[in-house]
Undergrad: 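Following this message is one structure expressed as structure tokens.
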There are 2 protein chains.
Amino acid sequence: MGTTTAVSPLAPAAFPDLPRVDGVRFSTIAAGVRYRGRDDVMLARLAPGSAVAGVFTTSATRSAPVLDCQDKLGKPTSDAAAILVNSGNANAFTGRNGRDATAAIVKATAAACGVPEERVFTSATGVIGEPLPFEKITAALQQLAETADPGGIDRAARAIMTTDTFAKGASVVVDTENGPVTIAGIAKGSGMIAPDMATMLVYIFTDAVIPQSELQDLVSTHNAQTFNCITVDGDTSTSDTLLVAATGVSGIDVSGDAAFSDGLHEVMQELAHLVVRDGEGATKFVEIAVTGAANDSDARTHGLSIANSPLVKTAIAGEDPNWGRVVMAVGKSGAAADRDRLSIRFGDVVVAEHGWVSDDYDEATAAACMKNQNLTIGVDLGIGPGKATVWTCDLTHGYIDINADYRS
Amino acid sequence: MGTTTAVSPLAPAAFPDLPRVDGVRFSTIAAGVRYRGRDDVMLARLAPGSAVAGVFTTSATRSAPVLDCQDKLGKPTSDAAAILVNSGNANAFTGRNGRDATAAIVKATAAACGVPEERVFTSATGVIGEPLPFEKITAALQQLAETADPGGIDRAARAIMTTDTFAKGASVVVDTENGPVTIAGIAKGSGMIAPDMATMLVYIFTDAVIPQSELQDLVSTHNAQTFNCITVDGDTSTSDTLLVAATGVSGIDVSGDAAFSDGLHEVMQELAHLVVRDGEGATKFVEIAVTGAANDSDARTHGLSIANSPLVKTAIAGEDPNWGRVVMAVGKSGAAADRDRLSIRFGDVVVAEHGWVSDDYDEATAAACMKNQNLTIGVDLGIGPGKATVWTCDLTHGYIDINADYRS
């Protein structure tokens with residue numbers, strides 16, 4: 001760990017200039033949890049009344065902070081709140097020690113920020129199976145609470161990174177029926193931290209007014225089409241966390257507002273794409289658009305089967321329009337398919353139709369298409385109205401380099 | 001294709017000296033389907049009355065030969081029979097052309113061998129989506145039928161190879177209650193043939209007397225614990241085929257004989273292991289033994305989740321005793337698990353117990369264990385009687401080299 005990694009070739013040119021979100025203040029500090037010479041703890045202080053919604057990993061071995069957050073969502077929202085995140089140690093698979101560490105951090109955060117413990121949400125990302133040196137974090141909390149600043153979201157984005165090769169942020173300003181509101185978010189993910197799996201953490205903030213239950217519904221719905229439709233290697237972290245906080249400070253009520261929902265979806269999708277763009281060893285960003293499935297669920301199953309197939313992902317790395325491997329992945333997915341109705345395209349090039357290679361197929365044209373850094377694979381099952389889009393990256397020597405290195 | 005590949009470091013020293021099985025004769029020929037300078041078609045002629053059982057890929061896009069074989073199993077067994085296999089072209093995803101090619105090969109095989117068409121079983125492995133030049137095969141059938149010889153099983157094992165790096169065979173002589181019978185089999189698999197996925201083909205022969213329905217039951221049962229418990233990359237071929245033929249020529253009835261069942265299991269397990277040992281780029285043979293699961297099905301789900309995890313497989317390649325990744329794979333599998341009851345060992349080294357790192361854990365000892373070419377990972381869920389063992393290999397740069405190369 002700590003190894004300098006080249007920035008992903010799929011990274012944006014720069015971190016975006018994110019707008020401030022009224023009612024949120026950020027601070028970061030170098031607490032020395034594991035890394036040296038960089039901030040590794042971030043605090044986000046949320047105005048009284050903020051609604052907090054979230055979704056979490058479905059892992060059966062999820063971490064102590066995840067379990068703690070899940071318990072707290074949906075509780076009364078009249079108090080102020082806080083989100084406290086450390087990188088370097090995931091506090092996962094640490095038994096009773098892990099629960100104690102989370103409790104200590106929650107208690108210290110609540111005290112420093114003057115909020116109830118049930119309004120403190122924590123996350124941790126990094127090495128698993130090692131006790132979290134929580135005293136380093138609790139000792140820093142007073143300073144964190146005092147230095148929180150509305151303009152610190154870019155530093156927050158960097159403090160939560162593990163082996164991410166770039167900081168990730170996205171925002172929109174939405175013209176709702178009642179006036180403009182801001183949505184801004186940060187994410188980390190898909191950089192491996194030795195000796196741990198990639199963990200995805202996402203924090204999104206808005207100044208809109210919205211009831212917690214409605215915000216939770218929106219987050220769950222959009223999550224199914226954004227973060228749950230991306231995959232780098234099909235592995236699932238014990239710590240994945242997405243929190244969305246609505247401070248309400250704008251005074252603008254967005255209940256039932258379609259533009260707000262679309263704006264939140266846009267930010268979530270952009271952050272999800274950024275996570276894929278930082279996939280270990282990734283050199284191609286791949287959209288897999290599935291149509292004509294029996295239903296949307298089947299479409300997603302086919303899409304993820306293609307996106308997770310090592311044979312498809314290595315073919316993409318090799319710039320090989322290898323549609324046979326796409327057929328294979330559809331066949332093995334377990335969702336309904338009819339070999340003789342299947343059509344496949346790479347970009348705009350129709351490769352296979354009705355179960356066989358297209359009459360118009362030209363290998364050279366398809367091969368040229370595969371050289372693009374952003375690539376779309378279209379699959380039509382030809383049996384129903386179901387559709388889904390998933391996103392992934394290719395599987396390269398870089399992935400092996402990053403993940404087969406011994407930890408020490 | 002045709003590239004010379006170094007033999008897998010996990011290969012046995014030599015092809016075994018397989019015993020002859022009375023009632024089976026083999027022949028091979030260089031028909032020029034795709035490869036040059038090697039045999040690419042094999043014929044196995046089976047004595048009248050041979051019982052033929054089999055299992056096949058569950059892919060929804062399975063090939064024309066697979067569909068044809070599935071239709072024929074369980075039919076009357078008084079006639080002689082034949083198995084005809086070509087390498088170089090899988091005749092998969094070839095639409096109506098594929099069905100016609102299979103029909104032509106079946107017809108020619110039946111005529112050359114003097115058997116009914118419903119007693120001809122064919123397989124094809126190799127490139128998919130390209131029409132099979134079946135005339136090259138049908139033109140060779142008279143010569144194949146005339147030259148069949150009881151001693152040719154080693155040549156048959158080589159003729160069905162695609163990019164396998166070694167030929168695979170296994171046998172046992174079983175002392176049943178009624179006397180000795182022989183079981184001998186060959187397999188190919190896990191070598192990629194550009195531009196296709198790995199296909200596993202397995203043919204096992206015995207001179208025992210056994211009804212087809214009982215043989216089918218045995219094959220299905222043992223398949224669940226052997227070939228369905230191996231994985232190289234989690235991808236599933238459109239063409240996987242396992243056929244077991246009992247010629248009955250020994251006159252020894254093995255109905256209900258436990259030793260015969262055990263012997264068949266042994267041959268199937270050995271062939272399954274050989275397929276893993278030829279996994280693309282494999283440098284480690286890994287056994288994953290899961291115990292204490294809620295039931296056997298859950299145990300297998302956990303085992304395959306571990307075996308298919310790119311993060312676990314790259315850790316093994318890096319000789320890193322990274323038990324955190326094993327925890328992750330258990331957590332994501334979807335089967336029941338309790339984080340705080342989970343125990344993990346690498347070889348004889350207990351790494352984690354009851355949800356946390358073992359008190360006795362010594363990293364240097366665990367790291368030394370990971371240097372072995374044959375490695376066992378033990379996982380105990382601590383919640384029930386379920387158990388399963390699965391086998392896999394590591395994920396290395398060799399896998400990327402083999403699968404990311406452009407086809408031409």
Side-chain angles (χ1 to χ4, degrees), chain A residues 57-62 92-95 97 127-130 192 195-197 233-238 308-311 314-315 317-320 322-325 327-340 342 352 354-357 367 395-397 399-400 403-407, chain B residues 57-62 92-95 97 127-130 192 195-197 233-238 308-311 314-315 317-320 322-325 327-340 342 352 354-357 367 395-397 399-400 403-407:
Chain A
T57 178
T58 57
S59 171
T61 56
R62 48 196 181 276
F93 209 61
T94 43
N97 190 294
V127 60
I128 86 174
E130 296 188 10
M192 278 295 300
D196 203 354
M197 73 290 303
D233 52 19
D235 278 336
T236 305
S237 163
T238 54
N308 279 322
S309 160
L311 292 175
T314 48
E319 302 186 335
D320 177 1
N322 194 324
W323 57 276
R325 295 185 184 177
V327 175
M328 176 280 301
V330 168
K332 78 162 182 169
S333 80
D338 180 337
R339 188 189 58 184
D340 295 340
L342 190 58
H354 314 306
W356 205 14
V357 65
L395 174 57
T396 68
H397 284 294
Y399 183 88
I400 308 286
N403 292 311
D405 275 358
Y406 192 81
R407 285 169 290 173
Chain B
T57 180
T58 57
S59 170
T61 55
R62 48 196 181 276
F93 210 61
T94 43
N97 190 294
V127 62
I128 86 174
E130 295 188 12
M192 280 294 299
D196 202 354
M197 71 291 302
D233 53 18
D235 278 335
T236 304
S237 162
T238 54
N308 279 323
S309 161
L311 291 176
T314 48
E319 302 187 335
D320 178 0
N322 194 324
W323 56 277
R325 296 186 184 177
V327 175
M328 176 280 302
V330 168
K332 77 162 183 169
S333 79
D338 179 338
R339 189 190 58 184
D340 295 340
L342 190 58
H354 313 307
W356 205 14
V357 65
L395 173 58
T396 68
H397 284 294
Y399 183 88
I400 309 285
N403 292 311
D405 275 357
Y406 194 80
R407 284 168 291 175

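The sequence lines fix the lettering, A, B, ..., with proteins before strands; numbering per chain opens at 1.
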Undergrad: Of all heavy-atom pairs between B:Thr61 and A:Gly331, which one has the smallest distance, and what is that distance?
TA: OG1-CA, 3.4 Å

Undergrad: Which one wins on heavy-atom pair count under 4.5 Å against chain B: A:Ala337, A:Gly129, A:Ala92?
TA: A:Gly129

Undergrad: For each of A:Ser59, A:Gly95, A:Gly355, A:Ala60, tally heavy-atom pairs with chain B at distances under 4.5 Å, and name the one with the top tally.
TA: A:Gly355

Undergrad: Can you tell me which portion of A:Ala352 sits under 4.5 Å from chain B's heavy atoms? Options are side chain, backbone, both or neither.
TA: side chain

Undergrad: Please test A:Arg325 against A:Ser309 for side-chain contact (heavy atoms from CB on, under 4.5 Å), starting from the C-alpha separation and ending with a verdict.
TA: CA-CA 8 Å; A:Arg325 295 185 184 177; A:Ser309 160; 5.5 Å; no

Undergrad: Quick one: which of B:Leu395, B:Asp338, B:Thr58 has the most heavy-atom pairs under 4.5 Å with chain A, could you say?
TA: B:Leu395

Undergrad: How long is the straight-line distance from OG1 of A:Thr314 back to OH of B:Tyr399, given to the nearest 0.5 Å?
TA: 5.0 Å

Undergrad: So for B:Thr57, is it side chain, backbone, both, or neither that comes closer than 4.5 Å to the heavy atoms of chain A?
TA: neither

Undergrad: Using a 4.5 angstrom heavy-atom cutoff, name the option from A:Thr94, A:Asn308, A:Leu342, A:Asn97 with the most pairs to chain B.
TA: A:Thr94

Undergrad: Working to the nearest 0.5 Å, report the span between CZ of B:Arg62 and CZ of B:Phe93.
TA: 14.5 Å

Undergrad: B:Asn322 and B:Ala315: which non-hydrogen atoms are nearest, and at how many Å?
TA: CB-CB, 3.8 Å

